[in-house]
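Positions are given from 1, in the same order as the sequence printed here.
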Amino acid sequence: MANVESFDLDHTRVTAPYIRLAGVKTTPRGDSISKYDLRLLQPNQAEIEPAALHTLEHLLAGYLRDHLSDVVDVSPMGCRTGMYMAVIGEPDEQGVLRAFEAALRDTAAHDRPIPGVSELECGNYRNHDLQGARQHAADALAQGLKVQQTVLIER
């Protein structure tokens, strides 16, 4: 089985909320794709409820693109403590941090219908929690985001 970067991360030695460069891949044409760990909650201590996580995915997918160019994808982590974001190129970590903070501010203040929430647009359109998503965004901002360096498991 191929090695998975997140399985080498020592989840006991990181401190959420944070952004972390999880890796950079180079395509056969020489383009770079950067993957960021956008962590909202401390691993193994809390998790985002599925409906709130789904809403965070919808909101951050749009708001991150408003504040950072070349976003390819924003996807929830299976452990439900944050999101992964893939971007074309290698944006600097402080720029990603500022974009994530701005997107979280937008999410915390979002008072309109959730985008992409209909049977036609979403594969589980009934499973959303706007208030929960807003609260998680506000909580992360209140705690203060930082750039987290990768801390590898000592094997």
Side-chain angles (χ1 to χ4, degrees), residues 4-23 33-89 91-153:
V4 177
E5 180 275 338
S6 65
F7 297 165
D8 289 331
L9 178 68
D10 186 338
H11 288 77
T12 67
R13 293 176 53 207
V14 295
T15 305
Y18 63 76
I19 66 107
R20 178 182 69 86
L21 179 62
I33 300 174
S34 300
K35 176 182 167 185
Y36 282 89
D37 170 344
L38 308 176
R39 196 72 61 144
L40 294 167
L41 297 179
Q42 186 63 30
N44 298 309
Q45 292 185 15
E47 66 278 336
I48 303 168
E49 308 75 24
L53 185 65
H54 191 186
T55 302
L56 280 166
E57 176 191 17
H58 278 236
L59 295 174
L60 291 174
Y63 285 137
L64 279 163
R65 285 173 170 89
D66 288 347
H67 299 289
L68 189 66
S69 61
D70 298 323
V71 172
V72 175
D73 186 45
V74 178
S75 304
M77 295 177 173
C79 63
R80 301 187 349 239
T81 59
M83 300 281 171
Y84 284 116
M85 177 181 68
V87 296
I88 296 169
D92 94 345
E93 291 173 325
Q94 289 301 318
V96 172
L97 179 69
R98 286 189 301 275
F100 190 37
E101 287 173 332
L104 287 173
R105 280 193 302 275
D106 293 340
T107 298
H110 189 88
D111 62 358
R112 300 179 309 280
I114 302 162
V117 179
S118 74
E119 187 174 14
L120 292 173
E121 301 164 310
C122 180
N124 195 3
Y125 74 99
R126 290 179 292 250
N127 185 37
H128 282 278
D129 177 3
L130 178 57
Q131 291 310 312
R134 291 178 60 180
Q135 189 63 57
H136 281 293
D139 290 349
L141 289 166
Q143 290 176 15
L145 297 167
K146 68 177 189 325
V147 173
Q148 170 72 60
Q149 297 306 309
T150 297
V151 182
L152 297 176
I153 296 172

Taking all non-hydrogen atoms of both residues, which atom of [X] and which atom of [Y] are closest, and how far apart?
{"X": "P17", "Y": "A140", "value": "CG-O, 3.5 Å"}
{"X": "Q42", "Y": "T81", "value": "O-CG2, 4.3 Å"}
{"X": "I88", "Y": "P91", "value": "O-CD, 4.5 Å"}
{"X": "L68", "Y": "M85", "value": "CD2-CE, 3.6 Å"}

Under 3.5 Å, sequence neighbours excluded: what are the donor-acceptor pairs made by side chains of residues 60-67?
residue: Y63; atom: OH; partner: H110; partner atom: ND1; Å: 2.7
residue: Y63; atom: OH; partner: R112; partner atom: NH2; Å: 3.1
residue: R65; atom: NH1; partner: A61; partner atom: O; Å: 2.7
residue: R65; atom: NH2; partner: V72; partner atom: O; Å: 3.0
residue: H67; atom: NE2; partner: D106; partner atom: OD2; Å: 2.6

F100 and L40: CA distance, side-chain angles, deciding distance, side-chain contact (heavy atoms from CB on, under 4.5 Å) verdict: CA-CA 11 Å; F100 190 37; L40 294 167; 3.8 Å; yes
[X]: side chain to side chain donor-acceptor pair (under 3.5 Å) partners, not counting sequence neighbours:
{"X": "Y18", "value": "D37, R39"}
{"X": "E5", "value": "R20"}
{"X": "D139", "value": "Q135"}

With sequence neighbours excluded, residues passing side-chain contact (heavy atoms from CB on, under 4.5 Å) with C122: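 By the side-chain contact (heavy atoms from CB on, under 4.5 Å) rule, C122 matches H54, H58, Y125, H128.
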Could you tell me if the side chain of [Y] sits less than 4.5 Å from the side chain of [X], heavy atoms only?
{"X": "T107", "Y": "L56", "result": "yes"}
{"X": "Q149", "Y": "V147", "result": "yes"}
{"X": "I153", "Y": "D8", "result": "no"}

side-chain contact (heavy atoms from CB on, under 4.5 Å) assessment of L21 paired with Y36: CA-CA 5 Å; L21 179 62; Y36 282 89; 3.6 Å; yes
Just how far is it from atom [atom1] of [X] to atom [atom2] of [Y], taken to the nearest 0.5 Å?
{"X": "R98", "Y": "L145", "atom1": "CZ", "atom2": "CG", "answer": "13.0 Å"}
{"X": "I114", "Y": "L130", "atom1": "CD1", "atom2": "CG", "answer": "5.0 Å"}
{"X": "M77", "Y": "L38", "atom1": "CE", "atom2": "CG", "answer": "7.0 Å"}

Which pairs would a plain distance check flag for residues 43-53, meaning a side-chain donor or acceptor within less than 3.5 Å of a matching protein atom at least two apart in sequence or in another chain?
residue: E49; atom: OE1; partner: H136; partner atom: NE2; Å: 3.0

Neighbour count >12 (heavy atoms, 6.0 Å) for atom CD, E121: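 Yes, enclosed.
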Donor-acceptor contact below 3.5 Å, side chain Q148 vs main chain T15: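 Yes, the answer is positive, given that a donor and an acceptor are paired below the 3.5 Å cut-off.
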